[in-house]
There are 2 protein chains.
Amino acid sequence: MTADSTAALLVGVDFGTLSARAVVVRASDGAELGTGVGEYSHGAIERTLPSTGQPLPPDWALQDPADWRAALGTAVREALHDAQANPAAVVGIGTDFTACTVLPVLRDGTPLCEVAELRCRPHAWPKLWKHHAAQPQADRITDLAHARNETWIARYGGRISSEWEFAKALQLLEEDPDTYQRTERWIEAADWIIWQLCGRETRNACTAGYKGIFQDGHYPSEDYLGALNPAFADFARTRLAGVPLSALGSLAGTLTAEGAALTGLPEGIAVATGNVDAHVTAPAARAIAPGQMLAIMGTSTCHVMNADRLADVPGICGVVDGGIIAGEFGYEAGQSAVGDIFAWWTGLGVPESYLEEAAEGGQDLHEYLSSLCEGQPVGAHGLIALDWMGGNRSILVDHHLSGVIVGLTLATTPEDVYLALVEATAYGARVIVEAFEAAGVPVNEFIVAGGLKRNRLLMQIYADVLRRPVSVAASDQAPAVGSAIHAAVAAGLYPDVTAASAAMGRVEQAAYVPDQARADLYDQLFAEYRTLHDYFSGRPEWSGNAVLHRLRNRRNGAISG
Amino acid sequence: MTADSTAALLVGVDFGTLSARAVVVRASDGAELGTGVGEYSHGAIERTLPSTGQPLPPDWALQDPADWRAALGTAVREALHDAQANPAAVVGIGTDFTACTVLPVLRDGTPLCEVAELRCRPHAWPKLWKHHAAQPQADRITDLAHARNETWIARYGGRISSEWEFAKALQLLEEDPDTYQRTERWIEAADWIIWQLCGRETRNACTAGYKGIFQDGHYPSEDYLGALNPAFADFARTRLAGVPLSALGSLAGTLTAEGAALTGLPEGIAVATGNVDAHVTAPAARAIAPGQMLAIMGTSTCHVMNADRLADVPGICGVVDGGIIAGEFGYEAGQSAVGDIFAWWTGLGVPESYLEEAAEGGQDLHEYLSSLCEGQPVGAHGLIALDWMGGNRSILVDHHLSGVIVGLTLATTPEDVYLALVEATAYGARVIVEAFEAAGVPVNEFIVAGGLKRNRLLMQIYADVLRRPVSVAASDQAPAVGSAIHAAVAAGLYPDVTAASAAMGRVEQAAYVPDQARADLYDQLFAEYRTLHDYFSGRPEWSGNAVLHRLRNRRNGAISG
């Protein structure tokens, strides 16, 4: 880094599910000087289409690209103001996005939902990551891949998600062929927002790999795609390919006049290649060396980790060459619901006295329940839970599983169950860690970013259950800081993301270390969890009881009448 | 019944865990003319000994016989007053008691805890039915019976409870041999209260059979008892036997001057033989024919049923010749926790809005939650629960089991779980019914007494799950009315309990009948319950997972440090 650039600033913008958050970061040391937030006017569109009011089918989730643009402008301006920064000092902007959030556009990047005659069509709108209506297409994609022994299927733990690019595109084709025909490009929001900033289409290695089935230099073959649906054969060639993939941290282009007008940043500054909220966080938390597993823990948990070798790990979300950092194999896994489970439990209700005592102590309910659990001997509640209230992403890849609580007595308290649910998510994380290690990919350290990092009880339990040091990302805006780090590299301030991470990333190393005695007890409870995990997985190879699937089918049938 | 006696009145007194309830009943038709309640000053003594303040060990539960006497006087006088009855019209009194509630007394009936120098000794006090500290003794009693092939063990479903006479007496001998030596008689409270009324010791067939292991005319042999503990060899001969057993409904004696002074009733009236709260209820609910299973449903459920044949039904509490009604084989089974489970769940808390809406509608929380469940299609909640939060009395006879809830999702509501718990207790009842039928003892009708009979949702679910008509006892004081019916027989107003029941008992026949479509769906859910029941029973013969026992042991170990 040159002496001149020590005063240089970067802007990082994290596009979440309901809002965009911007930070202004100092290039020299990663100091966060200001933040800003822009809410999406329409949030997640799950009930009715804004343009017509027509109801959306179940499991649909859309967004409005105009919201993204507006939130970008608001968040960046607010962050600059908060930092009292001179915009002229900003030398680059980086962004990250939820994924796979994907939209159909014209060749010039215009979203189809902004084409007048298509605005009334739900399929013309961006499909949010949690649009889950393409499950039939996803199942066919997976099944056909196995039937044809496609080599890429093992890179995705054996299963392609309904959330990803191909399932959502195939749904579009099959449910609204006219709109599919008008779709000139099918692009991740992560790349589309870059297009808005620098005026040209790029494709980042992360979403192309994890969500776009781009492996070993290719998308799935025309043969394969044609076997899914003849009209789908040319999908990858015509709607995805044609633009070389960009490495993470590379320069996507420079800020256009339009981009400058939108953000209030100087025209011509560096725009970093697009990225994904989870993956972009790794350098901000200094979690980029092989064996450093970063868990972004909030409503759900996403695990990302680099390794220097390619391995097939059953049940993970994917492994992508350069998917987290150029030159490393990036692995991703996940837990469908984590913070969501704790919120569900407290939402069921607690005794009135708990609300009063929490209020008296100035605590929220999670803090209060956690305080009641502090110091409880391991196993004193007599409970084991399966953390599948939101299904299981890794390693079972089965969203029709559901949660189980075992060992309830008339003496079981709300905090007992709360603690058991916290532990259950830790056991779930351990199953993932063990799957990596069983496949020959070591996991040495567990680094946490996201809102749950503030729960000390939970962090210590993860250290004990995982028998590994737990480090904690320092920033509360780690994804946005990660984007700023990528911007710093794109702007040429650092030679690569590793160097930028070393200078700008911040982590409290080994903030929690395992307590050996508690870890030994948790080993025994984890063995019980694993036995119940296998039983309730329903898998024949584990002599499973498929009761959860039967209950789910019965429930869905009863609800739909 | 003679014309003269149509105006005759009876008093029935039901001694519960915390109070005694008396009713004044008309002999001719069972009409309840008045009621009264006497609370026990000391309630259940579980923390400290009243005489000294010394703390009691875990699982202890005592009572004070002075409370029983005082409550008897209060309740009967209040009932007479409430009925505006002339005491001279009362021709008999009957009583029932919790069991096995048992105490050590002198030869004249004086409780040892009322002997000055013994009052400071916990073992001198009556042990309440839920005193659970004699489990080690109970285990030895069971194991030795099997080892010696004692024929009586099969009459008790293969297991002798820690609640019963022998386990509690053996604990007394082994923990306080001095007090054991001073114990001249070991007597059920059900019989002791009769002693107070008519001045002589009697022993009723019900407690002797179900709680005192009296079978085929004998208590367990001196050989067997001596093998348990040499000093215990003569226990049954010296402390239990020596008084012929009295049939239920027989005349124990006539009210003494002291009894008359205590109760305000005329000296010389008939005093019926003692009885047990559950069993005495059968004639009040007209549930005395073979195949009519009476369930007394409150915090727990007790099932009693007559049959004309003796069969070994695995996992029931017991079968006793004349145990419910003279001349029939009386069967007893039970569910450790039923209403307790619903209270536990609501006690964990509900959303604040539920409390407000229940209050607005003038409903208690159980009514409100039930109303939310009304009309929910079978299986729409996607849940199965095991109703073992208080252990399992029948058919697993295992108090170290615990509850399980399966199928939880982020959309699961408090009322979903409430409904699943209600259904779980119905499945638990069905397991018991099926055990009887598998042993060749038919169950044709399910008759409910006790507080839960008022929950219409629960009653309909029982009808659907059991695929049997559910009848409902009319009286809210069915045990006390049952005692009055026995008093009518003892007073010679009816030739036997069957005749008295026909005249005085009241039931709403088939108040609930199965809905065929729902019953078919519940068959499928019951199959899931049964699979989980067998799995979590931990029994090797069912390929069970003993996780519940391991969790309980771990919990007990963690709590006791």
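Every chain is numbered from 1 and lettered A, B, ... according to where its sequence line falls, protein lines coming before strand lines.
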Q) Side chain, backbone, both or neither: which part of A:L548 has a non-hydrogen atom closer than 4.5 Å to chain B? A) side chain
Q. When only pairs under 4.5 Å are counted, which of B:V350, B:L408, B:V406 shares the most heavy-atom pairs with chain A?
A. B:L408
Q) Looking at A:L521, A:L525, A:T346, which one has more heavy-atom pairs under 4.5 Å with chain B than the rest? A) A:L525
Q) Without hydrogens or angle criteria, can the side chains of B:D534 and B:Y529 be said to hold a donor-acceptor pair below 3.5 Å? A) no
Q: Answer yes or no on whether B:R530 is positioned over the face of B:W542, meaning its NZ or CZ is under 6.0 Å from the six-membered ring centre and within 45° of the axis.
A: yes
Q) Using a cut-off of under 4.5 Å for heavy-atom pairs, which of B:A411, B:A385, B:P351, B:P377 has the most such pairs with chain A? A) B:P351
Q | chain A contact via B:T412 - which portion, at a heavy-atom distance below 4.5 Å | A | both
Q. Without hydrogens or angle criteria, can the side chains of B:N392 and B:H533 be said to hold a donor-acceptor pair below 3.5 Å?
A. no
Q. When you check the side-chain N and O atoms of B:N545 and B:R539, is any donor under 3.5 Å from an acceptor?
A. no
Q) If you measure only the distance, is there a donor-acceptor pair under 3.5 Å linking the side chains of A:H131 and A:E46? A) no
Q) Which region of B:W345, side chain (C-beta onward) or backbone (N, CA, C, O), has a non-hydrogen atom less than 4.5 Å from a non-hydrogen atom of chain A, or is it both or neither? A) side chain
Q. For A:R552, is it the side chain, the backbone, both, or neither that has a heavy atom closer than 4.5 Å to a heavy atom of chain B?
A. side chain
Q. For chain B, which of A:G403, A:G407, A:G391 has the most heavy-atom pairs under 4.5 Å?
A. A:G403
Q. Who are the ring pair (Phe, Tyr, Trp, His ring centres under 6.0 Å) partners of B:H366, not counting sequence neighbours?
A. B:Y418
Q | Contact leader toward chain B among A:V404, A:I405, A:L410, where contacts are heavy-atom pairs under 4.5 Å | A | A:L410
(Q) Between B:D416 and B:T413, is there a side-chain donor-acceptor contact under 3.5 Å, judged purely by atom types and distance? (A) yes
(Q) For chain B, which candidate among A:E528, A:Q376, A:E352, A:Q524 shows the most heavy-atom pairs at distances under 4.5 Å? (A) A:E528
Q | Pair B:H399-B:Q135, side chain to side chain donor-acceptor pair (under 3.5 Å): steps then yes or no | A | CA-CA 10 Å; B:H399 293 285; B:Q135 191 61 51; over 6 Å; no
**Q.** chain B contact via A:L355 - which portion, at a heavy-atom distance below 4.5 Å
**A.** side chain
(Q) Any side-chain to backbone donor/acceptor pair from B:W129 onto B:E163? Under 3.5 Å, distance only. (A) no
Q. So which part of A:Y354 gets closer than 4.5 Å to some heavy atom of chain B, the side chain, the backbone, both or neither?
A. neither
Q | Winner by heavy-atom pair count (cut-off under 4.5 Å) against chain A, out of B:V378, B:L401, B:L532, B:N553 | A | B:L532
Q. Between A:V417 and chain B, which part of the residue has a heavy atom less than 4.5 Å away: side chain, backbone, both or neither?
A. neither
Q.
Check the orientation of A:Y535 and B:F536. Use parallel for under 30°, tilted for 30 to 60°, and perpendicular for over 60°.
A. perpendicular
Q: Sort A:D340 into side chain, backbone, both or neither according to what part of it lies under 4.5 angstrom from a heavy atom of chain B.
A: both
